[in-house]
J.: 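Input: one structure, supplied below.
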2 protein chains.
Amino acid sequence: MFSIGTLSDRTGVKIPTIRYYEEMGLLPEPERTAGNQRRYTQAGLDRLGFIKHARDLGFTIESIRALIDLNDHPDHSCATANAIATSQLDDVRAKIARLQRLETELVRIATHCDGKGRASDCYVLTSLADHSLCETAH
Amino acid sequence: MFSIGTLSDRTGVKIPTIRYYEEMGLLPEPERTAGNQRRYTQAGLDRLGFIKHARDLGFTIESIRALIDLNDHPDHSCATANAIATSQLDDVRAKIARLQRLETELVRIATHCDGKGRASDCYVLTSLADHSLCETAH
DNA sequence: TCTTGAACCTCTAGTTACTAGAGACGTTAG
DNA sequence: CTAACGTCTCTAGTAACTAGAGGTTCAAGA
């Protein structure tokens, strides 16, 4: 049996976050000692690892809840899991595309200003005030 | 003079958000009608446009506050504006790099699963349970 | 001038995924 | 047995809004 601190050390998930996952229903309520402290089994540790990995990949708590549900029902179709992963991939790609557009604009804005002039002539400020100077939509 | 609804229509910023910006000190408190409704000048409209553009580029409220402060003091050096823009650019680039690593993993995970199998054999689920299958750090 | 309907007001609470802190209690090594 | 550290619950805070309740004001048409 593992204490909450041990789980935290092994997975890199902070203690309050573990308790938060429990409250959100991602982790089942573990056994308690006579003094009311949580004691986890290997299964609890594994599940927390699963959650951590999914969170690192950007899955929402809601998505993870659905994935765990599937994990607990091995006979179900994995169509849902595939849909969740694909949707997450689309999401990540959309975010990359948007950030790349922002990068273009920020490079333009930042390179026109060497930081040595005065605010009244600053291209950073001018550029923010006038959207029409932008090259891409955002 | 413009009503808050007009400002909203012209800038694309929702009405509650405009009030929120006012509360955060990004927008000065506008004049009011006898019946307590906000009435904005052209300067107010321009400032909201500035804020909107900066938010679209991902600047935080805190950064925008600093940029506005510079805008209001044309004699100050623009070193701060340059630093804020550069830092924002670094931030965007770091986010892109991380998302690209996630994309790699998600492609790997999603393409191994056609959604037609059963949950017990699902690569999405296996992969999330076992971090060692990953190709990159995240 | 009156009416009506859209626009506006303030205030509270909810969102996501945690994080921080207070104050009390439990566990364990020496 | 005691000191020191781990853990407990609870509340509140974070960023940047969004939603809704319940009430007031404005502007345009009759």
Side-chain angles (χ1 to χ4, degrees), chain A residues 1-27 29-40 44-45 47-48 50-68 84 87-88 91-92 95 98 102 138, chain B residues 1-27 29-40 44 48 50-68 84 87-88 91-92 95 98 102 138:
Chain A
M1 305 294 273
F2 313 109
S3 70
I4 197 168
T6 306
L7 245 72
S8 175
D9 291 344
R10 298 262 190 108
T11 58
V13 178
K14 288 182 190 147
I15 290 173
T17 307
I18 297 175
R19 292 198 274 249
Y20 170 76
Y21 289 158
E22 180 182 323
E23 205 185 357
M24 292 298 101
L26 297 189
L27 281 173
E29 291 185 19
E31 286 180 45
R32 300 280 185 140
T33 63
N36 201 36
Q37 298 194 358
R38 292 168 178 81
R39 285 301 116 100
Y40 295 90
L45 179 55
R47 171 157 293 187
L48 184 56
F50 182 102
I51 295 167
K52 169 80 158 84
H53 194 189
R55 283 296 300 135
D56 284 348
L57 287 167
F59 289 88
T60 65
I61 299 286
E62 254 334 289
S63 297
I64 296 172
R65 207 195 303 281
L67 290 169
I68 283 174
I84 292 170
S87 145
Q88 176 61 15
D91 209 60
V92 165
K95 280 182 181 148
R98 181 180 144 81
L102 300 194
H138 48 260
Chain B
M1 304 293 271
F2 313 110
S3 70
I4 197 168
T6 306
L7 245 71
S8 174
D9 291 344
R10 297 262 190 111
T11 59
V13 177
K14 287 182 189 145
I15 290 173
T17 306
I18 296 174
R19 292 198 274 248
Y20 170 75
Y21 289 158
E22 180 181 324
E23 204 185 357
M24 292 298 101
L26 296 190
L27 281 173
E29 292 185 19
E31 286 180 44
R32 302 278 186 143
T33 63
N36 201 34
Q37 298 194 358
R38 292 168 176 81
R39 286 300 117 99
Y40 295 90
L48 184 56
F50 182 102
I51 295 167
K52 168 80 158 88
H53 195 190
R55 284 295 301 134
D56 284 348
L57 287 167
F59 288 88
T60 64
I61 301 285
E62 255 334 288
S63 297
I64 295 171
R65 206 195 303 281
L67 290 169
I68 283 175
I84 291 170
S87 145
Q88 175 62 16
D91 210 60
V92 165
K95 280 182 181 148
R98 178 179 147 80
L102 300 193
H138 47 261

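Below, read A as the first sequence line, B as the second, and so on, with proteins coming before strands; counting in each chain starts at 1. Heavy atoms only: backbone and side chains are in, while hydrogens, waters and symmetry mates are out.
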J.: Mind checking side chain to side chain contact (heavy atoms under 4.5 Å, CB included) for A:E62 and listing every partner two or more places apart, or none if nothing turns up?
T.: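 A:T60, A:R65.
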J.: Could you pull out all residues at least two apart from B:S87 that satisfy side chain to side chain contact (heavy atoms under 4.5 Å, CB included)?
T.: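 B:S87: no side chain to side chain contact (heavy atoms under 4.5 Å, CB included) contacts found.
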J.: Go through the structure and list residues passing salt bridge (charged side-chain N to carboxylate O under 4.0 Å, His left out) with B:K14, not counting sequence neighbours.
T.: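 Listed in chain order: nothing, the list is empty.
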J.: Who pairs with A:D9 by salt bridge (charged side-chain N to carboxylate O under 4.0 Å, His left out), at least two apart in sequence or on another chain?
T.: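 Applying salt bridge (charged side-chain N to carboxylate O under 4.0 Å, His left out) to A:D9 gives none.
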J.: Distance check needed: C:dC18 C1' versus A:D56 CG, whole Å only.
T.: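 After rounding, the gap between these two atoms is 14 Å.
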J.: B:D9 CG to C:dA6 P: how many Å, rounded?
T.: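 For the pair B:D9 CG and C:dA6 P, the rounded distance is 15 Å.
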J.: If a protein heavy atom is under 4.0 Å from the base, mark B; if only from the sugar-phosphate, S; if neither, -; do that for nucleotides 5-19 of chain D going 5' to 3'.
T.: -BSSB------BBS-
J.: For the pair made of CD1 in A:I64 and C1' in C:dT16, what is the distance, rounded to whole Å?
T.: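 Atom-to-atom, A:I64 to C:dT16, this comes out as 12 Å.
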J.: Just to verify, what does A:I15 make a side chain to side chain contact (heavy atoms under 4.5 Å, CB included) with, not counting sequence neighbours?
T.: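 So A:I15 forms a side chain to side chain contact (heavy atoms under 4.5 Å, CB included) with A:I4, A:S8, A:R19.
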